[in-house]
Amino acid sequence: MEEAERRDHRRLGAELDLFSFPDEIGSGLAVFHPKGGTVRRVMEDYSRRRHEESGYEFVYSPHITKQALFETSGHLEWYADGMYPPMHLDADYDDEGNIRRPGQNYYLKPMNCPFHNLIYRSRGRSYRELPMRLFEFGSVYRYEKSGVVHGLTRVRGMTQDDAHIYCTKEQMPAELDSLLTFVLELLRDYGLDDFYLELSTRNDEKYVGADAEWAEATEMLRLAAENQNLDLVMDEGGAAFYGPKNSVQTKHAIGRTWQMSTNQVDFHLPQRFDLEYQSADGSRQRPVMIHRALFGSIERFFAVLLEHYAGAFPAWLAPVQVVGIPISDAHVEYLQGVARQLHARGIRVEVDASDDRMQKKIRTAQKQKIPFMLLAGDEDVSNAAVSFRFRDGTQENGIPIADAVERIVSDVVERRA
RNA sequence: GCCGACGUAGCUCAGCUGGUAGAGCACUUCACUCGUAAUGAAGGGGUCCGCGGUUCGAGUCCGCGCGUCGGCUCCA
C-alpha cells in the first residue's frame, strides 16, 4: 500500500473510529465518534487556553439568521451560490390563500463575521477598547459543489476557529505582526513545522476601497510576514475584493501543502455595518477589521494532523493515552489499580480485560496507535512495577508504578511523545 | 456543477453469460490463563444504496435519484 493511501485521513478515521459521514445526514456532513471527539476537544481546549492568554474574548452566535443580516453584509450579493437555500418562515395566509403576512427567509450562516459585527455594534465603542478580539468556534454551512466535497478537508458543515479583530489603523501593524507570531507558535505546538507564507494582493478588476488603503495594508502584511524569516510567496491578485491577506501554508509529513491560517484585512464590512469607535479627540472613527482563522476549519485541521501523524497522535492528543495489558486474567485487577492512579492525574487510560491473549492485546493496541502500553504479570506485581511497551516497539520493563505514572503525566503535560 | 468509474455483512472484498448470497477481519458465547503484533471452536449478523422498469424470475439488465472515488473548476 502506498504511504499516501496508508495515511489518508479518511481511511484512518474509520480504522481508528474517529469520525464518519453517514449517508443519512448528507454529503460533507461529518459526525465525530467518541475517540475523534476526544482529539477534537483536546485540540479545542488547548486553543481556547492560548486564545484566552492572548487577549481574545469568547463569543457565541446562532447558526441561522434572517436574510436581512446577509443583505447588510453583502453575502447574498456575492456568496449566495455558496449558501444553503433559505427556510421561509412565519408567512400567514387567509382562507382564500392570500398573503396576510409575507414571512421571511432564514439562512444557515456561511460565515461568522456579520454576527461579530453586531456584537461590536451592540453599543458605542471607545478607542480604549481596541484592539477588540472576538473569538468563536463558529459552525458554518456552505453548499459546496458536489464534486469538491472530500473527507474532512472539504465539507459542507464545519467549525471555524474564527476571530475578528477590530483595531485602529495605527494599531494594525503591531496587531498583524503579533497575530502572525501567535498563529505560527500555536501551529508549532500542534506539531506542524514546515511553513511558508503567502501574501495575496489586490485583484485590480475586482475590489472596493481606496488605493492608499490597499497599499498601506498590503505593506503592513508584508512587513509582518518578513519578520517571520519564512519564505514569502506572492499571490498577485489573489486577495478577496474587500482586502489583502496573508496566509500560512503548511506542509504535513507526506508533503501535501494546505492553506490553513489566514489573516485578512477588511476595509469593506466595517463600512457596511457602519462600525465606529470614539477616539481620544471625541471624533467618531471607523475601525479596521481583521478576519483570521488559525486552524482554518477544525475539520480540515483535524485531517491534516491525522495525516501528519499517520494516526499516531502525540500522547497529549491521543484519544486513549494508555492501555493496560495483563499477562493473564489474574493481573487485571492490579492494572486497574494503576489505571485509577493515572485517571486521577487526568490520563485517558483503559485496561484491556477481554479474553484475548496478551499478544493479541498488544497487536490491538499497536493498531490503535496507543502511545503507552503498560503490561503487568507476576514479576511486575511482586515488584510493584509495570512494564512499558511503546508504539515504536521498544520496551522498558519493571518500572515502579509511581515512576511510570510520573513519566506518562509529564510526557502528556509537556506535549512530548 | 461537469466528465468518468463505483455502491454486496460494522470493515476489506468474492459472487461465471439473470435462477432470491459467501470469505477474512470485527462482534457474541465457550474452552484456554498465556511475558511484548493474531489460541481454538461454535454462533449471530445482509430490505445485495433507494425507487421504478424489462423478465416466469434481477445482487446481476435498463432509467432516475442518493452516496462514494478520481479528474476539472472552486475553497477553510
Side-chain angles (χ1 to χ4, degrees), chain A residues 1 4-5 8 10-17 20-29 33 79 81-82 110-113 137-162 200 238 240 245 247-250 258-264 291-304 323-332 352-370 372-383 385-398:
Chain A
M1 195 188 302
E5 190 185 341
D8 189 305
R10 295 166 298 182
R11 162 186 286 272
L12 289 168
E15 278 174 9
L16 303 178
D17 194 14
S20 60
F21 290 91
D23 284 358
E24 291 85 342
I25 301 178
S27 184
L29 299 168
H33 302 189
Y79 200 74
D81 285 352
M111 296 185 187
N112 301 302
C113 26
F137 282 113
S139 296
V140 297
Y141 296 88
R142 299 181 182 176
Y143 193 72
E144 298 291 348
K145 289 182 284 185
S146 60
V148 306
V149 171
H150 180 95
L152 286 177
T153 60
R154 196 71 183 276
V155 292
R156 285 179 168 170
M158 63 174 142
T159 302
Q160 298 182 305
D161 60 332
D162 210 0
S200 301
K245 71 169 175 185
S247 56
V248 180
Q249 306 288 327
T250 304
W258 287 99
Q259 174 181 311
M260 284 187 296
S261 315
T262 62
N263 303 323
Q264 181 135 20
H291 302 249
R292 56 112 271 191
L294 196 153
F295 293 155
S297 79
I298 295 178
E299 287 77 3
R300 176 177 290 181
F301 194 74
F302 188 104
V304 170
V323 64
I325 298 180
I327 301 299
S328 80
D329 283 357
H331 313 110
V332 169
D352 187 345
S354 70
D355 62 0
D356 287 333
R357 293 174 66 205
M358 181 258 318
Q359 287 85 347
K360 178 63 177 297
K361 294 180 183 185
I362 288 170
R363 179 180 156 84
T364 303
Q366 197 79 48
K367 291 209 305 184
Q368 289 296 305
K369 302 171 195 281
I370 295 170
F372 304 106
M373 288 167 246
L374 290 185
L375 283 79
D378 288 338
E379 260 177 64
D380 294 291
V381 172
S382 58
N383 297 325
V386 289
S387 294
F388 274 94
R389 180 190 164 101
F390 303 96
R391 52 190 164 182
D392 66 0
T394 59
Q395 40 178 304
E396 276 179 48
N397 296 330

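Proteins get letters first, then strands, A, B, ... in listed order; numbering begins at 1 in each. Basis for what follows: all heavy atoms, side chains included, without hydrogens, waters or symmetry-related copies.
Remark: side-chain polar atoms of A:Thr394 are not paired, donor with acceptor, to backbone N or O of A:Phe390 under 3.5 angstrom. Between the side chain of A:Arg142 and the main chain of A:Arg156, no donor-acceptor pair closer than 3.5 Å is present. Counting only distance, with no hydrogens or angles, the side chain of A:Lys361 and the backbone of A:Ile325 share no donor-acceptor pair below 3.5 Å.
Listed here is the closest heavy atom pair of A:Gln366 and A:Met373: OE1-CE, 3.4 Å. Here the closest non-hydrogen pair linking A:Gly28 and A:Val155 is O-CB, 3.2 Å.
A:Ile25 has its CD1 atom 15 Å from the C1' atom of B:U68, to the nearest Å. Nucleotide B:A26 holds its C1' atom 15 Å from the CG atom of A:Leu16, rounded to whole Å. Atom C1' of nucleotide B:A76 and atom NE2 of A:His291 are separated by 14 Å, given to the nearest angstrom. The separation between A:Lys145 atom NZ and B:A76 atom P is 13 Å, rounded to whole Å. When rounded to the nearest whole Å, the span between CZ of A:Arg154 and P of B:C69 equals 13 Å. If you take CG of A:Asp23 and P of B:G7, they are 14 Å apart, rounded to a whole angstrom. Remark: P of B:A38 and CE of A:Met358 are 10 Å apart, rounded to the nearest angstrom. Protein atom CZ of A:Arg10 is 14 Å distant from nucleotide atom C1' of B:G67, rounded to whole Å.
The CG atom of A:Asp162 lies 7.5 Å from the CZ atom of A:Arg292; values are rounded to the nearest 0.5 Å.
Contact annotation for A:Glu379: base contact, defined as any heavy-atom pair under 4.0 Å involving a base atom. A:Val155 comes within 4.0 angstrom of a base, heavy atoms only. Contacts of A:Met158 with the nucleic acid, taken as non-hydrogen atoms under 4.0 Å apart, include base atoms. Nucleic acid contact for A:Asn397: base, since at least one base atom lies under 4.0 Å from a heavy atom of the residue. Using a 4.0 Å heavy-atom distance criterion, A:Met260 is classed as a sugar-phosphate-only contact.
Pairing for B:U39 is with B:A31, a Watson-Crick or G-U wobble pair whose two hydrogen-bonding atom distances lie under 3.5 Å. Across all strands shown, B:C56 forms a Watson-Crick or G-U wobble pair, both distances under 3.5 Å, with B:G19. Nucleotide B:G44 forms a pair with no other nucleotide shown, judged by Watson-Crick or G-U wobble geometry with both contacts under 3.5 Å. Base-pair partner of B:C69: B:G4 (Watson-Crick or G-U wobble, both distances under 3.5 Å). Summarising the base pairing, B:A14 is matched to no nucleotide, lacking a Watson-Crick or G-U wobble pair whose two defining distances lie under 3.5 Å. B:G50 is paired with B:C64 under the criterion used here, namely a Watson-Crick or G-U wobble arrangement in which both key atom distances are under 3.5 Å.
A sub-4.0 Å separation between OP1 or OP2 of B:G40 and a side-chain N or O of A:Arg357 is absent. Close to B:U68, at under 4.0 Å from its OP1 or OP2, lies a side-chain N or O of A:Ser27. Not one side-chain nitrogen or oxygen of A:Arg142 sits closer than 4.0 Å to the OP1 or OP2 atom of B:C74. Contact annotation: A:His331 does not reach the phosphate of B:G35 (side-chain N/O to OP1 or OP2, under 4.0 Å).
Here the separation of B:G53 from B:G22, taken at their C1' atoms, is 29 Å to the nearest Å. Across B:G57 and B:U73, the matching C1' atoms stand 46 Å from one another, rounded to whole Å. With both ends at atom P, the span from B:G59 to B:G24 equals 24 Å, rounded to whole Å. Nucleotides B:U60 and B:G15 are separated by 10 Å at their C1' atoms, to the nearest Å. Here, B:A31 and B:C69 have their P atoms 45 Å apart, quoted to the whole Å. Taking atom C1' in both B:C6 and B:C13, the straight-line distance is 14 Å, to the nearest Å. Here the separation of B:C51 from B:G67, taken at their C1' atoms, is 15 Å to the nearest Å. Comparing the P positions of B:U68 and B:U29 gives a spacing of 35 Å, expressed to the nearest Å.
Between the base of B:C11 and the side chain of A:Arg11 there is no donor-acceptor pair shorter than 3.5 Å. Scanning atom types as modelled, one donor and one acceptor separated by under 3.5 angstrom connect the side chain of A:Ser387 and the base of B:G35. One donor-acceptor pair, N or O on each side, does fall under 3.5 Å between the base of B:G35 and the side chain of A:Asp380. With hydrogens and angles ignored, a donor-acceptor pair under 3.5 angstrom links the side chain of A:Gln395 to the base of B:U36.
Applying the side-chain contact (heavy atoms from CB on, under 4.5 Å) rule to A:His33 yields the partners A:Asp17, A:Ser20, A:Val31; only residues at least two apart in sequence or on another chain are considered.
Listed nucleotides: B:A76, B:U33, B:C74. Nearest to the side chain of A:Asp329: B:U33. You'll find that the side chain of A:Glu144 is closest to B:C75, out of B:C72, B:G67, B:C75. Closest to the side chain of A:Tyr143, out of B:A31, B:G1, B:A76, is B:G1. Of the candidate nucleotides B:U73, B:A76, B:A31, B:U73 has the atom lying nearest to any side-chain atom of A:Val148.
Map A:Arg391 and A:Ser297 each onto its nearest nucleotide of RNA chain B; the residue landing nearer the 5' end is A:Arg391.
For A:Tyr143 and A:Tyr141, the ring centers sit 6.0 Å or farther from each other.
Across residues 360-369 of chain A, A:Lys360, A:Ile362, A:Arg363, A:Gln366 each have a non-hydrogen atom less than 4.0 Å from an atom of RNA chain B (numbered order).
Below 30°, between 30° and 60°, or above 60°: for A:Phe295 and A:Phe301 the angle between ring planes is below 30°, a parallel geometry.
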Apply side chain to side chain contact (heavy atoms under 4.5 Å, CB included) to the pair A:Ile362 and A:Leu375, showing each step before the final yes or no.
-> CA-CA 9 Å; A:Ile362 288 170; A:Leu375 283 79; 3.8 Å; yes
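At a threshold of 4.5 Å between non-hydrogen side-chain atoms, the residues A:Thr262 and A:His291 do not count as touching.
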